[in-house]
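A quick write-up on the structure given underneath.
Just so you know, these numbers come straight off a predicted model, no measurement behind them.
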Amino acid sequence: MKKLLVANWKMNPITVLEARQLWLASRRAAKGARNVQLVICPPAVFLQILVSGERPANLWLGAQDAAAAASGAETGGISPSMLRDVGARYLLVGHSERRALGEDDALVAAKARLALRLGLRVILCVGETKRDERGEYLKVIQAQLAAVLPKLPRAMLGHLVVAYEPVWAIGAQATESDTPAGFLEQKLFIRRVASQLIGRVGRHLPVLYGGSVDELNVADFLTAGEADGLLVGRASLSIKSWTKIIQLV
Ligand code: PGA
């Protein structure tokens, strides 16, 4: 299987011009990386601009969030159908930064279910805020999966990817990433829980790693960590780092 390399630009960059430059760099690098499936998740306002023009077959667009309704009276909302119509093929759901703004498991499940029904591939983000010696954090991940996976349309489960992102490893305030060995344990745990919840498809669920991924740790997460792909925040905003990461994958 191709490795899935996902860029989460978050609320960056500020201008269309910068977004275009970042996108063009991904396009150049994608051409030399046939065994990598690249997904760029820009702010939704940039999707339509970026999707126009020629694009290698391994470069896709995704969105960072969507409403849990297809249309209607929801001021400020953007529906999965709209995102699909302007070029998104993937959707991040349940990112810790959205959960921190008040998104609970029920809403995460509703968003994931609708997005799959409306034709998007879903990257479901899970992860604990802190790690403890006694393994209590595993219950957090289990609960996040149990709240969502059984609610998803069974026929669409092949369009589901899980991203394990320990919250303590994400963003500028993170002191470190997880270790490849630590991630591998999580990947096996996630697959075991998933297979209990949704059966056989859970055993093969692709699991990505996210949280302080950079040029220095990318290779280890893919080899020793056996990650099916990576979800990259900060390092995807620097053309130099991002190009290097694509080459390494
Ligand atoms: P980071 O963010 O790579 O900047 O730690 C990852 C994410 O939040 O998806």
Side-chain angles (χ1 to χ4, degrees), residues 1-66 78 80-93 95 112 115-116 118-125 156 158-163 165 205-211 213-215 217-219 221-223 227-249:
M1 206 190 95
K2 281 187 185 184
K3 298 291 183 189
L4 188 62
L5 183 56
V6 185
N8 177 10
W9 290 0
K10 307 190 180 183
M11 204 163 63
N12 302 291
I14 304 292
T15 64
V16 173
L17 183 68
E18 292 165 286
R20 246 208 204 106
Q21 285 165 347
L22 272 173
W23 171 253
L24 291 177
S26 297
R27 208 169 77 173
R28 276 193 300 276
K31 286 184 181 148
R34 293 281 170 215
N35 56 343
V36 185
Q37 173 74 54
L38 280 164
V39 181
I40 310 295
C41 301
V45 286
F46 296 140
L47 282 167
Q48 195 167 13
I49 297 150
L50 301 182
V51 81
S52 59
E54 170 268 345
R55 177 171 54 87
N58 58 340
L59 179 60
W60 299 53
L61 280 161
Q64 300 170 15
D65 184 35
I78 301 178
S81 314
M82 294 167 187
L83 293 168
R84 203 171 188 287
D85 199 47
V86 293
R89 290 295 173 269
Y90 280 83
L91 179 67
L92 298 178
V93 181
H95 190 279
L116 285 170
L118 294 176
L120 292 170
R121 290 168 182 266
V122 165
I123 301 168
L124 172 67
C125 303
M156 305 311 294
H159 287 178
L160 175 71
V161 175
V162 169
E165 294 206 302
L205 199 60
V207 184
L208 316 183
Y209 172 74
V213 172
D214 59 24
E215 305 102 286
N217 60 24
V218 60
F221 276 111
L222 294 173
T223 53
D228 299 304
L230 300 161
L231 178 50
V232 186
R234 281 158 296 159
S236 71
L237 292 168
S238 143
I239 289 181
K240 196 160 155 267
S241 301
W242 181 236
T243 306
K244 184 80 192 152
I245 288 171
I246 296 170
Q247 286 164 356
L248 285 163
V249 174

Nearest atoms (heavy-atom pairs only) where [X] meets [Y]:
{"X": "Val45", "Y": "Ile49", "answer": "O-CD1, 3.9 Å"}
{"X": "Ala29", "Y": "Thr243", "answer": "CB-CG2, 4.2 Å"}
{"X": "Val39", "Y": "Gly62", "answer": "CG1-N, 3.9 Å"}
{"X": "Trp23", "Y": "Leu50", "answer": "NE1-O, 3.2 Å"}

Within this structure, what is the [atom1]-[atom2] distance for the pair [X] and [Y], rounded to the nearest 0.5 Å?
{"X": "Arg27", "Y": "Leu38", "atom1": "CZ", "atom2": "CG", "result": "13.0 Å"}
{"X": "Ile123", "Y": "Leu160", "atom1": "CD1", "atom2": "CG", "result": "9.5 Å"}
{"X": "His159", "Y": "Leu91", "atom1": "NE2", "atom2": "CG", "result": "14.0 Å"}
{"X": "Gln64", "Y": "Ile78", "atom1": "CD", "atom2": "CD1", "result": "10.0 Å"}
{"X": "Leu59", "Y": "Ser26", "atom1": "CG", "atom2": "OG", "result": "6.0 Å"}
{"X": "Cys41", "Y": "Tyr90", "atom1": "SG", "atom2": "OH", "result": "10.0 Å"}

For Asn217, side chain to side chain contact (heavy atoms under 4.5 Å, CB included) partners two or more places apart
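Partners of Asn217 by the side chain to side chain contact (heavy atoms under 4.5 Å, CB included) criterion, ordered by chain and then number, come out as Ser177, Val213, Asp214, Phe221.
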Ignoring hydrogens and angles, write down the donor-acceptor pairs under 3.5 Å from the side chains of residues 228-239, residues two or more places apart or on other chains.
{"residue": "Asp228", "atom": "OD1", "partner": "Lys187", "partner atom": "NZ", "Å": "3.3"}
{"residue": "Asp228", "atom": "OD2", "partner": "Lys187", "partner atom": "NZ", "Å": "3.3"}
{"residue": "Asp228", "atom": "OD2", "partner": "Arg191", "partner atom": "NH2", "Å": "3.3"}
{"residue": "Asp228", "atom": "OD2", "partner": "Val207", "partner atom": "N", "Å": "2.8"}
{"residue": "Arg234", "atom": "NH1", "partner": "Gly171", "partner atom": "O", "Å": "3.2"}
{"residue": "Arg234", "atom": "NH2", "partner": "Gly171", "partner atom": "O", "Å": "3.2"}
{"residue": "Arg234", "atom": "NH2", "partner": "Ser212", "partner atom": "OG", "Å": "2.9"}
{"residue": "Ser236", "atom": "OG", "partner": "Val232", "partner atom": "O", "Å": "3.3"}
{"residue": "Ser236", "atom": "OG", "partner": "Gly233", "partner atom": "O", "Å": "2.7"}
{"residue": "Ser238", "atom": "OG", "partner": "Lys240", "partner atom": "N", "Å": "3.4"}
{"residue": "Ser238", "atom": "OG", "partner": "Ser241", "partner atom": "N", "Å": "3.0"}
{"residue": "Ser238", "atom": "OG", "partner": "Ser241", "partner atom": "OG", "Å": "3.1"}

Can I get a per-line list of side-chain donor-acceptor pairs under 3.5 Å for residues 6-22, giving both atom names and the distance, sequence neighbours left out?
{"residue": "Asn8", "atom": "OD1", "partner": "Lys10", "partner atom": "N", "Å": "3.1"}
{"residue": "Lys10", "atom": "NZ", "partner": "Glu97", "partner atom": "OE2", "Å": "2.8"}
{"residue": "Asn12", "atom": "ND2", "partner": "Trp9", "partner atom": "O", "Å": "3.1"}
{"residue": "Thr15", "atom": "OG1", "partner": "Glu18", "partner atom": "N", "Å": "3.1"}
{"residue": "Thr15", "atom": "OG1", "partner": "Glu18", "partner atom": "OE1", "Å": "2.7"}
{"residue": "Glu18", "atom": "OE1", "partner": "Thr15", "partner atom": "N", "Å": "3.1"}

Any side chain to side chain donor-acceptor pair (under 3.5 Å) pairs touching residues 34-63, not counting sequence neighbours?
none
With side-chain contact (heavy atoms from CB on, under 4.5 Å) as the criterion, how do Ile40 and Phe46 come out once you've worked through the C-alpha distance, each side chain's angles and the decisive distance to 0.1 Å?
CA-CA 11 Å; Ile40 310 295; Phe46 296 140; over 6 Å; no
Could you go step by step and tell me if Leu248 and Glu215 meet the side-chain contact (heavy atoms from CB on, under 4.5 Å) rule?
CA-CA 8 Å; Leu248 285 163; Glu215 305 102 286; 4.3 Å; yes
Can you list, pair by pair, the side-chain donor-acceptor contacts under 3.5 Å of residues 80-87, counting residues two or more places apart and other chains?
{"residue": "Arg84", "atom": "NE", "partner": "Gly119", "partner atom": "O", "Å": "3.0"}

Just so I know, are the side chains of Leu4 and Pro206 near enough to count as touching, which here means a heavy-atom distance under 4.5 Å?
no
